[in-house]
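Read the structure below first, then the notes.
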2 protein chains.
Amino acid sequence: MTTPTQGLHSHVLATLGLAITAGEYPPGTVLRTDELAQRFDVSRTVVREVVRVLESMHLVESRRRVGVTVLPTPSWNVYDPQVIRWRLAGADRPRQLRSLTVLRSAVEPVAAGLAAVNATPEQCRELTEQALGMVATSRGRRLEEYLVHDIAFHRVVLNASGNEMFARLGDVVAEVLTGRTHHHVMFEDPDPAAVTLHVQVAEAVRERDAARAEELTRQIAVGALQELDVLAP
Amino acid sequence: MTTPTQGLHSHVLATLGLAITAGEYPPGTVLRTDELAQRFDVSRTVVREVVRVLESMHLVESRRRVGVTVLPTPSWNVYDPQVIRWRLAGADRPRQLRSLTVLRSAVEPVAAGLAAVNATPEQCRELTEQALGMVATSRGRRLEEYLVHDIAFHRVVLNASGNEMFARLGDVVAEVLTGRTHHHVMFEDPDPAAVTLHVQVAEAVRERDAARAEELTRQIAVGALQELDVLAP
DNA sequence: CGGGAATTAAAAGTACTACTTTTACGTCAC
DNA sequence: GTGACGTAAAAGTAGTACTTTTAATTCCCG
């Protein structure tokens, strides 16, 4: 069952996008628009609009007299949040989680350093609040609540960096953290060391210590990568 | 005059996308499909497909009984290569170049470190070759040739990292480097220090010295940022 | 027998029209 | 003033007819 979307377009897009990113149609596979129209029981108009969107994501390529060809993975717009969501929902979720975590490990430390310089007082407050929330929910099987604070924390850091490219990764980080939490056996409480590091990052940002904020965030990232190595060998 | 594209769809998409990203339609502006159809002298079908694509880039939102609303900048899919190209071609190109350069400064050092671990012999060879090409073209007003090697160099590093998210930034880096070169007064030869650093990175990767590759690339990034500060105060 | 030019047909691209569905907004009753 | 109701405006959907591109086949000539 796919996500219950409203509107024919959304439905077809979700179904096709998911299928393609899941590798259900190997690269090179050709689809024909009216065949798809028949399969989904919608008009060719709808299919064409869907194909145009998939084309803009570089998942497929539409050529006259040939049809709609599925493109190889390296062409895909892997930064498109929609594509990320599809892939995280699909088969190679572990690989995807790893790629994204590596990306985080590169970006977040730099973002934290910038946040120490650019964060507004309000953002500093928010950051501290979320860190404290993490502490409060870090023990006693309260992983869901912890996750909310964790996501909020990282989102504030990325936004506070003042760089729009970083800010836009908030959703990606949210997906990664969610995926990680839900994928693990949900019994264990989060690593106490990580919790402490978050508190310290908030502190460093508040005190405008960019180097320290960056270094501490780097440690968080290292921890996340190691955790991934342990759980997905 | 916009880029000479083939096909009505491409043409309308390019024109509208460029106009929106250039801020020609402030957020909240409402467009109507048949008004657009009239303006571009195409059928509503074509306009609808364009709108769907713009919607997937989160540049606009289409609602019944309202029309097509231009969304605020923070919603935009700023990682979409198409959006990046439009924005680099438009008014806030300096701001955009800065954002992207900061992103590079975060990503490329980590990518270089990974490349030192994962690069194939072939990639090492290619890297050295491009670095030497940079050296060869670094003097005597040969900026265009230099640019080609520079782009190729960074692309190889990103690909060799083995991380698909990094690899996908190759196009972005290419745009940034191109934009930078063409935007500057094209008289001065590239910074000799930067050229040397590139050679050293190739060396470090070849010798599998991840830490050194990372650190050297970080220095390249710092240089790029400083250069930007000098030229766009 | 081979290669290149002409032909063909298959599929997407475009246009137009008619109809449906949603929903903002204004109206009217309470 | 507030809430139910009706209306119309705009997007959504469908279907059809036609155009354009181009892969693939055919056919002619060397």
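Naming: A, B, ... by sequence-line order, numbering from 1 per chain.
Remark: side-chain polar atoms of Arg168(B) are paired, donor with acceptor, to backbone N or O of Trp76(A) under 3.5 angstrom.
Summarising the geometry, the separation between CG on Leu36(B) and C1' on dT14(C) is reported as 17 Å, rounded to the nearest angstrom. The distance between atom CZ of Arg52(B) and atom C1' of dT13(D), rounded to the nearest whole Å, is 10 Å. Between the CD atom of Gln38(A) and the C1' atom of dG15(D) there is a distance of 14 Å, rounded to whole Å. Glu49(A) places its CD atom 15 Å from the P atom of dA12(C), with the value rounded to the nearest Å. One can place CD of Glu61(B) at 17 Å from P of dA10(D), the figure rounded to the nearest angstrom. At whole-Å resolution of the value, CZ in Arg63(A) and C1' in dA12(C) are 12 Å apart. The interatomic distance linking Phe40(A) (CZ) with dT13(D) (P) rounds to 14 Å, in whole Å. As rounded to whole Å, 4 Å separates atom C1' of dT21(C) from atom CZ of Arg64(B).
The base of dG13(C) sits within donor-acceptor range of the side chain of Arg44(A), with an N or O pair under 3.5 Å. Side-chain N/O atoms of Arg65(A) and base N/O atoms of dA9(C) include a donor-acceptor pair closer than 3.5 Å.
In this structure, Arg48(A) reaches the dG13(C) phosphate: one of its side-chain N or O atoms is under 4.0 Å from OP1 or OP2. Distances shown here put a side-chain N or O of Arg32(B) below 4.0 Å from the OP1 or OP2 atom of dA10(D).
Comparing atom distances between the Thr45(A) side chain and each of dA24(C), dG13(C), dA14(D) picks out dA14(D) as nearest. Residue Thr33(A) places its side chain closer to dA12(C) than to any other of dT14(C), dA12(C), dT21(C). Closest to the side chain of Leu8(A), from the set dT21(D), dA23(D), dT13(D), is dT13(D). Looking at the side chain of His9(B), the nearest of the listed nucleotides dA23(D), dT14(C), dA11(D) is dT14(C).
When each of His149(B), Gln130(B), His154(B) is tested with His198(B) by the rule side chain to side chain contact (heavy atoms under 4.5 Å, CB included), just one qualifies, namely His154(B).
Distance check, rounded to the nearest 0.5 Å: CG of Leu169(A) to CD1 of Ile84(A) gives 8.0 Å.
Ranked by how close their nearest DNA chain D nucleotide is to the 5' end, Val46(A) and Val66(A) are led by Val46(A).
At a threshold of 4.0 angstrom between heavy atoms, the contacts of Val42(B) are confined to the sugar-phosphate backbone, with no base atom among them.
Ionic pairing of Glu129(B) and Arg125(B) is present here: one or more N-O contacts between side-chain nitrogen and carboxylate oxygen are shorter than 4.0 angstrom. Remark: Arg52(A) engages Glu55(A) in a salt bridge, criterion side-chain N to carboxylate O under 4.0 Å.
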